[in-house]
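Just so you know, ligand 1 is whichever comes first in the structure, and atom 1 is the first atom listed for that ligand. Sequential numbering from 1 along the given sequence is applied to the chain's residues. The figures here come from the full heavy-atom set of this structure, side chains too, leaving out hydrogens, waters and symmetry mates.
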Amino acid sequence: MKQFLSLAGLPREEIVELLALAARLEKVGDPQALAGKILGLLFFNPSLRTLASMQAAMAKLGGTSFVVTPGGSSWKLETRTGVVMDGEASEHVREAIPVLAGYADVLGVRAFASGTDLAADLADTSFRQLAALSPKPVVNLESAIDHPCQALADWKTLDDLGVAPHGKLVLSWANHPKALPLAVPAAVLRMAALRGMAVTVLSPEAYALPEPLLAEARALAAGSGGSVVATDDRRAALAGAAIVYAKSWASAAHYGDGATESALRAGLASWCVEESWFESAREARFMHCLPVRRNVVVADAVLDSARSVVVQQAHNRLWAQMAVLHRMLAGVNAPVRPEGARVSLKEKR
Ligand code: CP
């Protein structure tokens with residue numbers, strides 16, 4: 001695996017192998033697999049889980065990592081081409097990324113959406129330009145339109161919970177004070193479609209996901225026996241759900257138009273997930289990628305109940321990313337060697 005930019009770019013068998021590897025690494029570890037290897041982490045945006053779990057994943061495999069946060073602990077970086085750099089940015093990504101790649105074996109990059117140009121964000125134009133500057137393999141740590149590490153961890157969580165491959169997953173828009181990126185809903189949609197689930201995207205009409213995302217997911221679902229529908233009918237959507245995955249996202253219809261968005265959201269406070277949402281889906285689990293705003297996105301009563309698996313999702317980031325790093329840096333045929341396992345004489349030679 002040369003890059004890890006999207007689950008949608010991988011054959012299904014490869015994803016299933018990654019999940020099996022993640023489960024094996026969770027069970028037995030492989031503490032020397034990446035000894036001497038270095039992961040570079042470039043974060044243009046803040047993180048709690050992704051940053052911590054990537055560093056922990058690398059350390060648990062015997063490797064090491066460094067973190068660069070432009071404009072924080074390092075120079076502010078320019079990403080636009082052909083500009084006169086007489087502003088805040090001291091360095092251009094055209095130098096910075098090859099420099100950082102030279103110190104590392106793999107580069108993880110987080111660069112969120114512009115939030116102003118829907119077509120460019122849907123095409124992940126900026127992230128793909130950044131990734132193309134790296135001579136080393138790149139892991140997408142959340143771009144404008146994808147978050148494959150989150151999606152892989154969520155798939156593992158569904159497997160761990162024993163959710164049926166064709167079970168019903170409701171991806172629901174939720175209230176939030178800000179217009180958030182489309183990356184997580186897009187990644188969850190791809191993941192659930194690839195897994196073969198019956199996906200219902202639930203949102204107020206103004207927050208319908210962009211048609212290209214739905215079309216992509218329907219194509220993925222067609223190959224896995226799944227399905228994708230979209231609705232604003234909450235009662236019908238939630239009936240029989242195995243999973244309610246809540247996430248807020250920006251309105252595609254008013255992309256980059258903050259004033260209109262704010263006005264729209266003012267009337268949508270009821271899109272906070274409450275226990276009453278589960279009346280026709282008593283056994284459903286609640287998922288969210290975190291961070292989450294309590295009593296805005298989801299009520300305390302749901303988040304603190306046994307149906308919430310948000311911490312389990314976050315913990316699975318570690319095992320999922322260990323599998324990705326292991327596959328990228330140790331090789332596709334590398335055995336998993338638990339602590340204390342002996343290397344055969346043949347392998348030593
Ligand atoms: N879910 C997730 O990516 O969390 P962070 O933004 O904290 O990394």
Side-chain angles (χ1 to χ4, degrees), residues 4-8 18 22 39-60 65-73 106-115 121 124 126-127 130-131 138-158 160 169 171-174 176-192 243-250 273 285-294 296-298 302-303 308-325:
F4 188 66
L5 302 181
S6 175
L7 282 196
L18 275 174
L39 165 68
L41 292 166
L42 177 58
F43 277 84
F44 288 93
N45 311 96
S47 165
L48 186 149
R49 279 144 293 276
T50 308
L51 174 55
S53 60
M54 286 303 285
Q55 291 202 279
M58 201 60 187
K60 282 180 87 67
S65 56
F66 63 81
V67 185
V68 171
T69 52
S73 61
V106 58
L107 205 56
V109 180
R110 168 168 282 197
F112 287 174
S114 68
D121 286 343
D124 232 356
S126 303
F127 191 84
L130 292 176
V138 171
V139 178
N140 181 349
L141 301 179
E142 191 174 334
S143 61
I145 208 62
D146 221 322
H147 197 353
C149 294
Q150 181 69 52
L152 189 64
D154 289 343
W155 189 325
K156 182 177 183 306
T157 305
L158 293 168
D160 291 351
L169 182 145
L171 172 60
S172 178
W173 186 86
H176 198 280
K178 295 180 186 170
L180 297 185
L182 292 161
V184 170
V188 171
L189 187 56
R190 289 186 187 105
M191 177 278 293
I243 298 291
V244 176
Y245 198 123
K247 186 73 185 81
S248 196
W249 58 81
V273 181
R285 300 302 189 108
F286 174 80
M287 295 179 77
H288 190 283
C289 62
L290 302 181
V292 73
R293 289 179 184 243
R294 283 175 173 260
V296 175
V297 173
V298 54
V302 174
L303 203 51
S308 173
V309 294
V310 298
V311 173
Q312 195 173 335
Q313 287 175 259
H315 287 168
N316 272 327
R317 295 289 303 275
L318 178 61
W319 314 118
Q321 289 154 198
M322 280 173 73
V324 169
L325 293 167

For L48, the atoms of ligand 1 under 4.0 Å from one of its heavy atoms are 5 (P), 7 (O), 8 (O)
Step by step, would you call W173 with S248 a side chain to side chain contact (heavy atoms under 4.5 Å, CB included)? CA-CA 5 Å; W173 186 86; S248 196; 3.7 Å; yes
Among non-hydrogen protein atoms, atom 6 (O) of ligand 1 lies closest to R110 NH1, 2.9 Å
Interatomic distance, CZ@F286 vs CD@Q313, rounded to 0.5 Å, equals 8.5 Å
Apply side chain to side chain contact (heavy atoms under 4.5 Å, CB included) to V139 and Q321, showing your working.
CA-CA 10 Å; V139 178; Q321 289 154 198; over 6 Å; no
Ligand 1 and L290, any nitrogen or oxygen pair closer than 3.5 angstrom?
yes
Query - L318 and K60, any side-chain heavy atoms less than 4.5 Å apart - result: yes
Are D121 and I145 close enough, and set up right, to give a side chain to side chain contact (heavy atoms under 4.5 Å, CB included), and what steps lead you there?
-> CA-CA 6 Å; D121 286 343; I145 208 62; 5.6 Å; no
In ligand 1, the atoms that come under 4.0 Å of a heavy atom of S47 are 5 (P), 7 (O), 8 (O)
Below 3.5 Å, N or O to N or O, backbone or side chain included: is there any such pair between C289 and ligand 1?
yes
Ligand 1 to R317, heavy atom cutoff 4.0 Å, flagged ligand atoms 1 (N), 2 (C), 3 (O)
Do S65 and Q55 get their side chains close enough for a donor-acceptor pair, meaning under 3.5 Å? yes
Of H147, R49, Q150, the residue with the heavy atom nearest atom 3 (O) of ligand 1 is H147
